[in-house]
2 protein chains.
Amino acid sequence: METVTESQRVGTAKKLEKMFGHIDYRNPPELCPVRDVMSVASDQWSTLIILWLGYFPVLRFNKLKKYVYGISNKVLSQRLKVLEADGYITRNAYPEVPIRVEYSLTEFGQSYVKKLLELTEWMQENSPKVLANREKYGLL
Amino acid sequence: METVTESQRVGTAKKLEKMFGHIDYRNPPELCPVRDVMSVASDQWSTLIILWLGYFPVLRFNKLKKYVYGISNKVLSQRLKVLEADGYITRNAYPEVPIRVEYSLTEFGQSYVKKLLELTEWMQENSPKVLANREKYGLL
DNA sequence: AAGAGTAAGTTACAAAAAGTAACCAAATGA
DNA sequence: TCATTTGGTTACTTTTTGTAACTTACTCTT
């Protein structure tokens, strides 16, 4: 068991201890719901799906597929199921012909999309720096 | 080109337009630095690496590997390179025997870890809800 | 002097995940 | 009768991950 002195520790980071196990070298996903839940919600495709559903209050399968550029039917369908199971989105199917299926965020999903937007805003502000760093690194 | 009325639009979500292309069905990663940069930084393993480096100011390869439970040498090594290239972390090698290599966050990395911690805090607060949802969904 | 140990990786091979593209159902319109 | 439509599914290929053995270079033990 490792101990970290206060001086070694970075400010707010104490919370990691609670989040990712108790710093005893054992924080596998089975023992760590945060890691488990996060790996679903912050997956690349899931993130884009949730963000677009934050933008449009309701979207049908094929519309969503156009916005989440590059996603395949298969993966979109998979992710939608998981996101529904985890409570971020709802699926409403209307038995018309052809069938109409509408996806939208739950309240829970909306609270998540707010957090996600904070992160993407940071990304937008900072992505130029990252691209500049990559350039520089490439030359070394 | 799709138009969204103000009433359809969810609050802060207008920013998506700037972030993910101009709502014209074309936001591939090549045209969208945010998507590109985000896919590296918010990858599951990268996230854990950055979080642990936020907790311990400096970590060596094998220590990092113990904290980021379950990661393989290969992937750890890959992610560290990319995170270094993107400017989140620094690598310092001391030519002792055996070699000693120290990783730590750059200032930029520290500004990112703060954002990341906000997200993980949300996850910690909300993961019980997600697990409960999953249970319920499983029964349907 | 031969062998073991150590840190930080790399490499070859196997398994899992993702991408691709064709296919399906059910009703409607030409 | 045949094409069209939506929301997927399926079989197959390619890419990404995971596994575990190996490497390098020097030091310590025997």
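Here is the naming used below: chain letters follow the sequence lines, and residue numbers restart at 1 for every chain.
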### Task
May I ask you to verify if any side-chain N or O of B:Ser77 is less than 4.0 angstrom from the OP1 or OP2 atom of C:dT10?
yes
### Any donor-acceptor pair under 3.5 Å from B:Tyr112 side chain to B:Ile50 backbone
no
### Query
ring pair (Phe, Tyr, Trp, His ring centres under 6.0 Å) with B:Tyr137: which residues, sequence neighbours excluded?
none
### Message
From CZ of B:Arg60 over to P of C:dG9, roughly how many Å is that when rounded to an integer?
### Response
11 Å
### Task
Send over the distance from B:Leu64 CG to C:dA7 P, rounded to a whole Å.
15 Å
### Task
Give a yes or no on whether B:Glu135 atom CD has more than 12 heavy-atom contacts from other residues, nucleotides or ligands under 6.0 Å away.
no
### Task
Classify the ring geometry between A:Trp52 and A:Tyr55 as parallel (under 30°), tilted (30 to 60°) or perpendicular (over 60°).
perpendicular
### Message
Using a 4.0 Å heavy-atom cut-off to protein, can you give one letter per nucleotide of nucleotides 22-30 of chain C, 5' to 3': B if the base is in contact, S if only the sugar-phosphate is, - if neither?
### Response
-----B---
### Query
Expressed in angstrom and rounded to an integer, what is the separation of B:Glu84 atom CD from C:dA8 atom C1'?
14 Å
### Query
Where does the chain B footprint on DNA chain D start and end, counting 5' to 3' with a 4.0 Å heavy-atom cut-off?
D:dT17 to D:dC26
### Query
So what is the end-to-end bend of the helix from C:dA1-D:dT30 to C:dA30-D:dT1, with 5 pairs used at each end and the value given to 10 degrees?
30°
### Query
Roughly how many Å is it from CD in B:Glu102 to C1' in C:dA8, rounded to a whole number?
13 Å
## Note on the structure
Atom CD1 of B:Ile49 and atom C1' of C:dA8 are separated, to the nearest Å, by 14 Å
### Query
Heavy atoms under 4.0 Å, any strand shown: does A:Tyr94 hit a base, just sugar-phosphate, or nothing?
nothing
### Message
Heavy-atom nearest nucleotide on DNA chain D for A:Ile99 versus B:Val75: which residue maps closer to 5'?
### Response
A:Ile99
### Query
Is it true that atom CD of A:Glu96 has more than 12 heavy atoms of other residues, nucleotides or ligands lying nearer than 6.0 Å?
yes
### Query
Over how many whole Å does the gap from B:Lys66 atom NZ to C:dA7 atom C1' extend?
11 Å
### Listed partners of B:Tyr103 passing ring pair (Phe, Tyr, Trp, His ring centres under 6.0 Å), at least two apart
none
### B:Ser42 side chain vs B:Ser39 backbone, donor-acceptor pair below 3.5 Å
no
### Task
Please tell me which of the listed nucleotides, C:dA8, C:dG9, C:dT11, lies nearest to the side chain of B:Lys74?
C:dT11
### Query
Which part of the nucleic acid, if any, lies within reach of A:Lys81 when heavy atoms closer than 4.0 Å are counted: base, sugar-phosphate only, or nothing?
sugar-phosphate
#### Entry: Side chain B:Ser127, main chain B:Met123, donor-acceptor under 3.5 Å
yes
### Task
Take A:Lys115 and A:Glu118 through the salt bridge (charged side-chain N to carboxylate O under 4.0 Å, His left out) test and state the conclusion after the steps.
CA-CA 5 Å; A:Lys115 280 285 147 197; A:Glu118 290 173 26; 3.7 Å; yes
### Query
Are side-chain heavy atoms of B:Val68 and B:Leu76 found at a separation under 4.5 Å?
no
#### Entry: side-chain hydrogen bond (donor to acceptor under 3.5 Å, both in side chains) partners for A:Arg79, two or more places apart
A:Asp43
### Which residue lies more 5' along DNA chain C, comparing A:Trp45 with B:Val101 via nearest heavy atoms
B:Val101
### Query
To the nearest Å, how far apart are B:Asp43 CG and C:dA17 P?
15 Å
### Task
Kindly indicate whether the side chain of A:Leu48, heavy atoms from C-beta on, has any atom under 4.5 Å from the side chain of A:Tyr67.
no
